[in-house]
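The structure appears below as structure tokens.
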Amino acid sequence: MIIAPKIRGFICTTAHPEGCAAHVAEQIAVVKGRGAIANGPKKVLVIGSSTGYGLSSRIAAAFGSNAATMGVFFEKPAEADRCGTAGWYNSAALEKAAAAEGLYARSFNGDAFSDAMKAEVCAAIKADLGQVDCIIYSLASPRRTDPKTGEVYKSVLKSIGQPYTNKNLNTTSGVVDEVTIPPAEGDDVKNTVAVMGGEDWEMWIDALLAENLIAPGTQTVAYSYIGPELTWPIYKNGTIGAAKEDVERVQRTLDAKLAPLGGKAWVSVNKALVTQASSAIPVVPLYISLLYKVMKAEGTHEDTIEQMDRLFRERLYNGHPQPDEAGRIRVDDWEMAPAVQALVAERWDKVSSENLSELADFDGYQSSFLRLFGFGLAGVDYAAETDPNVAVPSLKHE
Ligand code: NAD
């Protein structure tokens, strides 16, 4: 079939297999271009490994550190006349590239929140790797089924206390208007914490520890975001921020649990970037468009792969994690630089539909979004017939 983008709001319902493979290849080239990561991890589990920050973490570990990687994700292969999801195609491409270099890579497609998935991955680690020495937790999900009670929690992106009104960008039309987000009510905060908080990260580490699958010196990292004050009502001080606070609570618990093994748990605060998860957050796409313009002009713009490469190379594995006062790793440091934030804030006040392309990098936002789904990659013939049926080699039965 000929595969073209089909965008519905902040979702693209199609994905291009060769484009996704080209996107993965570009990320591999970035990491390889920086040389080997000295003292990097060798057996890495990435939970949420198919897109965004988790995919780039897996690529940095595999191609920067020659690590064997296991990846867990929730994606769909092609069926009948529908193409598969981007994360499916990314994982297929990653496994093929790993195999070409003799690197072990095995994937698991299903619900990472479930006990069954944890048991399956633990059994695979025991059989294939013995132990892991790095565990990346990079899930972003709108819902979670509690493995013990079967209750389904839904996360919401709301402010807490007051309704929140601010500028907002329609990322399809380029219109800048205003959005008012109602405050959380009922169990919204509790449910969002249940989905995006730290409980499941702890359950993973507990499951691995119980079977002695964590090697001495292991580091585990979960990702967070803080951002500038203008987004705090919807992010840091909103329902998602409450969940991220819970991730920090769990980080301290896990740090204590890993200490006897000489291990360490971290929260890494990453940069705001276009991913499937972030494009769903109101207000944030306009902020990202303004930020990209400033950081590209300054020469400090990074995408997920540069961020994750820097996290591994210059924080986790060089002996200088440079934690902040709360013990978090900050690879959002260039985003949060005062000069960058001052310019973004100044432009935030001025930006409108009329001056969007002058003040913000809306083209960059849109092209980054399309690239997530394998569209707009150099060297891909988008007019050609493309077979959407692509196997993830380690998941051949699906
Ligand atoms: P993403 O949507 O690109 O990736 C989410 C991953 O989770 C995918 O691999 C998906 O398959 C997997 N997943 C979702 N539900 C699952 C389930 N039930 N079982 C198994 N896998 C499942 O998101 P992202 O933006 O890369 O976010 C990853 C983490 O990084 C999140 O904690 C997010 O808050 C954080 N973060 C994101 C940004 C940003 O700007 N995008 C910035 C800082 C931190």
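The residues of the chain are indexed from 1 along the displayed sequence. Counting convention: from 1, in listed order, for ligands and their atoms alike. Keep in mind that this is a model prediction, so the values were computed, not measured.
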Quiz item: Is there a donor-acceptor pair under 3.5 Å between the side chain of Asn109 and the backbone N or O of Glu75?
Solution: yes
Self-check item: Basic-acidic side-chain contact under 4.0 Å: Asp255, Arg252
Solution: no
Self-check item: Carboxylate-amine/guanidinium contact Glu302 Lys271, below 4.0 Å
Solution: no
Quiz item: For Pro228, does its backbone N or O pair with a side-chain atom of Tyr235 as donor and acceptor, under 3.5 Å?
Solution: no
Exercise. Any chance you could lay out the side-chain contact (heavy atoms from CB on, under 4.5 Å) test for Leu254 and Trp201, step after step, and finish with the verdict?
Key: CA-CA 9 Å; Leu254 295 183; Trp201 183 25; 3.5 Å; yes
Practice problem: Run through ligand 1 for me and note each protein residue having a heavy atom under 4.0 Å from it, chain first, then residue number. | Solution: Gly48, Ser49, Ser50, Thr51, Gly52, Tyr53, Phe73, Phe74, Glu75, Gly110, Asp111, Ala112, Phe113, Ser138, Leu139, Ala140, Ser141, Tyr223, Ser224, Tyr225, Tyr235, Lys244, Asn270, Lys271, Ala272, Leu273, Thr275, Gln276, Ala277, Ser278
Quiz item: Relative to each other, are the rings of Phe375 and His16 parallel, tilted or perpendicular (30° and 60° limits)?
Solution: perpendicular
